[in-house]
Amino acid sequence: MKSWSSGNLLVGFLLIPGTCWWASWALFSLFLLLHFHSCSGRLKVVAAGKSNMAEMLSSGVVRKLADIAGNLIAREGSRLSELEENINWIREEMSSIKTFLENADAVESEIGGLADFIRSTCDLAYDLEDIMEEYFPKLSPPRRNGWKGRLGWLWKAKTVRDFAVEIEKLKRRAVDIKRRRKTYKVPDATGCPGKQGWDPRRTFPHTDEVNVVGMDKHIKELEAKVTDQDSVHRVISIRGMAGIGKTTLARKVYNSVRKSFECSAWIYVSQQPNPYGLLHDIARQVGLTEKQQKQDLEGNLFRHLSLKRYVIVIDDIWQIEPWNALKNGIPVNSMNGSRIIITSRSNDICRQIGGQNFLHELQHLDEEKSRELFFKVVMAAPQDNDEDGDPSQLKNIGEKILKKCGGVPLAIVVIAGVLLSRDRSIQAWKGVLESIGKDGNQCSKIFALSYKDLPSMLKPCFLYFGLFPEDHEISTFRLINLWAAEGFIHDSGVRAVEDVGQDYLNQLVGRNLIQVVNRRCDGTVRFCRIHDLLHDLSISKAGEMNFLNTLNNVATSAYCLAPRRVTTSSQIDARNYVSSNHQTPKLRALLCFNDFKMIGRLRNFNKSLRVLILMDPSGLGAPMNEIVKLKHLYHLELGGEYIIELPYAISNLENLLTLDLKECAAVILTEVIWKMKQLRHILLPPDFRASSVCGFHLDCHRFHSFEVSLPNLQTLFGLPVRDFEANWLHKLDSLRRLEIHLITKRIIGVLSSANSLSQKLEELRIISSDDMKSALDLSRYVSLRKLYMHGSGIVDFARHDKLPICLTELILHGTRLEMDPMVILKKLPRLKILVLEFDSYLGKKKMVCSGEADSFPQLEVLRIFANSLEEFVAEEGAMPKLKHLTLSHSIPTVKVPDRIRNIIMIDPFMSGRDELDADP
């Protein structure tokens, strides 16, 4: 990202304490305009009413813009002086608007009619941002002297006049806003208590699934129904209202019983399901090959499951039609004891699919269980100011808050998350109680309060979840990169932007607004999701201020004439949108997760588009000739069953931070991507090809000198060994994650040598199709914690001193080891996850985990798939911290202590997919 980018400045303003984030956005744009205010031939900055402004003035970003404006004023002062009156007026008016928006954020639920006003004010802020993006690049002083320089100044003078005209238009709109503000007469309000001391790195000790209180009885009953010896196929239904805990209950049962079945799968259905995609998801989880999935999916899946005893969870089903479609691939009349678990809000759906006898209804928590859940969460985190006043009074206020939740677990944990962000004091808790209102069951107000209570920098991050499909498992790698592209997060000078993004995500998780699907071995969140009710909240709040819209809303709502962010996950939505031929002059982000026809309409989009995600399963391909014109693009993600060719003109995307093509069938590269200095993440598919002319493949860099310049690159997945010189790796000073397909001996040599790459690299994935006969030395990699090896001869596993000492996760596939790897691997002091996949170990006799004190001291997860192994032995005292042990069913003899025997799971289809996913 360029040092003077709008995103960096924006986040600086979002950090102003007590300022609602959309008001800060307006102030951010206003601040840039104020740099044109001058009285003495140099730039004079007008104060914006906050002490943090002094910090902003010291930044290099502001100084650069100040220099641009100052040089212009020095040369064209008389013309620029005409702007002074307008700028002073804007400063005063925007200060009033900022105050109003802060108050409106606190009282909008009590004062009717504010929605339209908030929307128009936010649109004004957006348009200020547009003006900045349009005019500042044009206003930099010309670099040439002589007649060309004078011509440049003449052109700048015209730009300055156009700039003044645009300000006048905004002034007329702001006058109308002021008139309407007087009509509403919004009272002064203080900031929300407890926010000023907010720590962006604070974490909470309670578990990810806290709302399991009161479910012990339900769990036991369902486990008995799922695992009994009845051979007749059975569908078990869990019914209940939204937020009651259906998914949580199903997941607890599923995780408990799946080891008793030969194969298992979990799918989310939601309100707009894609049955064919759901069948693909089931097929992938139960072990079908890619070829079987592409050819006669329903038939292959049906035959596969007919021979297995399976358990499948179908979560959140709304209509009977998806079930009827899924039955084409799932046998429901088998006599091998297979089970299906469904969750639904509809009693009729549950009865139709599973019948009355196996219908399990969830009711609201009673007072005792509600109290247990509430205080389990709210008292989980110790605070500096632990209690202020009588603890009995604090408990009494908590009881009153709890009654507002009506026994709904989601409401309980969300309001507890709000209280965790406040001081544990009588005043703070009373403020929460008053904010909910006086009525009985106030779940909707609780959810709204949870959003209001967010610090200003977290609000846009939460609203962004509305862009993803319902019940979607969201990669945090993708999510944080999107936040960065939008300018919601930035580096702190000490911590990288990705680390700051993890901090923000942890805060949303800690407030129970976001659910953790799974974590990496270092504890960071890998995949997350948002509950349906909170997903609806994010869409609703975002729609009020035109922050985002779905295609359906854009096509039908009068308020969406200029949408800023648009999302679609429905083929029908996309086709309706295209047929209506909507124009999107102010679009900033377009996320198409299941689009077909939309991609041909890119020419209608604003050239200031920052985020573009096009998942195109139809195979039509992405219109790269249009994409390369989007010069403000920060995040580009393409996918589909087609070959994409990157043109040389992709260098026009000077701001690009993330280039994600891993979901494409293949990619034809251009060497220019290795000189795009702003790139932080490059993800490529395994199939890459060289450019060609008249059928001849070219490796252009071999014919002339070429310099790699990727100073900010942190992720390179799918390194193209044919187009990437091995010694270029030395120049990737910031690289943290690297994946190499078909590794070469030259690259092994470079990776084994001492260089800067070994200091920062945290994750390495290597895939080889042949026995390399050339061992990789990773002993110098002081930060490498995750290693995935596919292929033999890459690493000498006979010597532990060739492995990184800090390794916490190791996955081996096809390494064809002949000696027992446990003899060496047990010496890795920090190893937490060890997965031995297909053909990783060829030994036949036995594998032994010794009971020595230094044998796997930190290992928590061990998974072994070995076709020929005859015996697995774990001695007493071995692996003292082991929590999960999975063995393939082909191992006939297992000798382990009782504490380990109790956690063994037998799995015939181990693939390591839980540990190795497509994202870092």
Side-chain angles (χ1 to χ4, degrees), residues 290 294 475 477-478 481 592-593 595 599 602 611-630 633-654 656-676 678-702 706 708-710 713-726 728-729 732 735 737-744 747 765-769 790 917-920:
E290 291 188 11
K294 291 180 179 180
S475 159
F477 174 77
R478 168 195 262 177
N481 287 337
C592 296
F593 294 100
D595 185 54
I599 56 177
L602 270 173
V611 170
L612 179 60
I613 296 179
L614 292 178
M615 295 292 112
D616 175 32
S618 66
L620 295 177
M624 292 304 302
N625 59 326
E626 296 292 337
I627 292 176
V628 295
K629 298 176 183 178
L630 305 174
L633 206 61
Y634 286 82
H635 185 105
L636 176 60
E637 190 173 336
L638 305 174
E641 294 296 323
Y642 59 90
I643 299 173
I644 184 169
E645 181 170 3
L646 296 182
Y648 185 87
I650 197 172
S651 60
N652 293 336
L653 309 183
E654 296 180 353
L656 198 64
L657 300 177
T658 299
L659 177 63
D660 188 347
L661 308 175
K662 67 179 182 297
E663 295 299 328
C664 294
V667 62
I668 299 174
L669 296 173
T670 174
E671 65 177 17
V672 75
I673 69 167
W674 311 121
K675 298 181 68 173
M676 296 176 66
Q678 302 305 319
L679 274 173
R680 299 177 70 86
H681 309 284
I682 300 175
L683 295 94
L684 303 172
D687 190 355
F688 47 85
R689 305 171 188 180
S691 301
S692 63
V693 177
C694 299
F696 292 96
H697 292 287
L698 302 178
D699 292 320
C700 298
H701 64 268
R702 301 189 187 281
F706 186 78
V708 170
S709 182
L710 292 167
L713 191 69
Q714 293 194 10
T715 304
L716 178 54
F717 270 25
L719 184 143
V721 295
R722 292 197 300 268
D723 294 331
F724 193 94
E725 290 283 0
W728 290 354
L729 286 169
L732 305 182
L735 200 64
R737 292 167 290 268
L738 175 64
E739 179 184 77
I740 305 172
H741 290 276
L742 306 178
I743 191 170
T744 66
I747 291 179
R765 304 181 185 189
I766 296 179
I767 300 172
S768 173
S769 59
H790 187 153
D917 48 69
D919 290 319

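This chain uses plain numbering: 1 for the first residue, then up along the sequence. Note that the structure is predicted; figures quoted are calculated from it, not measured.
Distance check: Leu683 CG to Asp660 CG gives 4.5 Å after rounding to the nearest 0.5 Å. With rounding to the nearest 0.5 angstrom, the CZ atom of Phe724 is 6.0 Å from the CG atom of Leu716. Rounding to the nearest 0.5 Å gives a distance of 9.0 Å between CG of Asn481 and CD of Gln714. To the nearest 0.5 angstrom, Leu657 atom CG is 7.0 Å from Gln678 atom CD. Leu742 CG to Ile747 CD1: the interatomic distance, rounded to the nearest 0.5 Å, is 9.5 Å. The CD1 atom of Ile650 sits 6.5 Å away from the CG atom of Leu656 when rounded to the nearest 0.5 Å.
Residues that satisfy the ring-ring contact (aromatic ring centres under 6.0 Å, His included) test with His635, not counting sequence neighbours, are absent from this structure. Residues forming a ring-ring contact (aromatic ring centres under 6.0 Å, His included) with His790 (at least two apart in sequence, or on another chain): His813. Checked against side chain to side chain contact (heavy atoms under 4.5 Å, CB included), Pro685 has the following partners two or more places apart in sequence or in another chain: Leu661, Val667. Annotation: side chain to side chain donor-acceptor pair (under 3.5 Å) contacts of Asp687 (sequence neighbours excluded): Arg689. Shown here are the side chain to side chain contact (heavy atoms under 4.5 Å, CB included) partners of Pro647, two or more places apart in sequence or in another chain: Met624, Val628. Residues satisfying the side chain to side chain contact (heavy atoms under 4.5 Å, CB included) test with Glu739, not counting sequence neighbours, are Phe717, His741, Arg765.
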(message) Checking Leu719 against Leu729 for the side chain to side chain contact (heavy atoms under 4.5 Å, CB included) test, could you report, in this order, the C-alpha distance in whole Å, the side-chain angles of both residues, the deciding distance, and whether it holds?
(response) CA-CA 10 Å; Leu719 184 143; Leu729 286 169; 3.7 Å; yes
(request) Could you go through the side chain to side chain contact (heavy atoms under 4.5 Å, CB included) check for Ile743 and Val721 one step at a time? (result) CA-CA 7 Å; Ile743 191 170; Val721 295; 5.6 Å; no
(message) Determine whether Ile682 and Trp674 satisfy the following criterion, side chain to side chain contact (heavy atoms under 4.5 Å, CB included), listing intermediate values before the conclusion.
(response) CA-CA 10 Å; Ile682 300 175; Trp674 311 121; 4.0 Å; yes
(request) Begin from the C-alpha positions of Leu653 and Leu659 and carry the test side chain to side chain contact (heavy atoms under 4.5 Å, CB included) through to its verdict. (result) CA-CA 10 Å; Leu653 309 183; Leu659 177 63; over 6 Å; no
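Using a 4.5 Å heavy-atom threshold, the side chains of Leu684 and Leu669 count as touching.
Across all their heavy atoms, Leu710 and Ile673 have their closest contact at CD2-O, 3.6 Å.
When only modelled atom types and interatomic distance are considered, His681 and Thr715 share a side-chain donor-acceptor pair under 3.5 Å.
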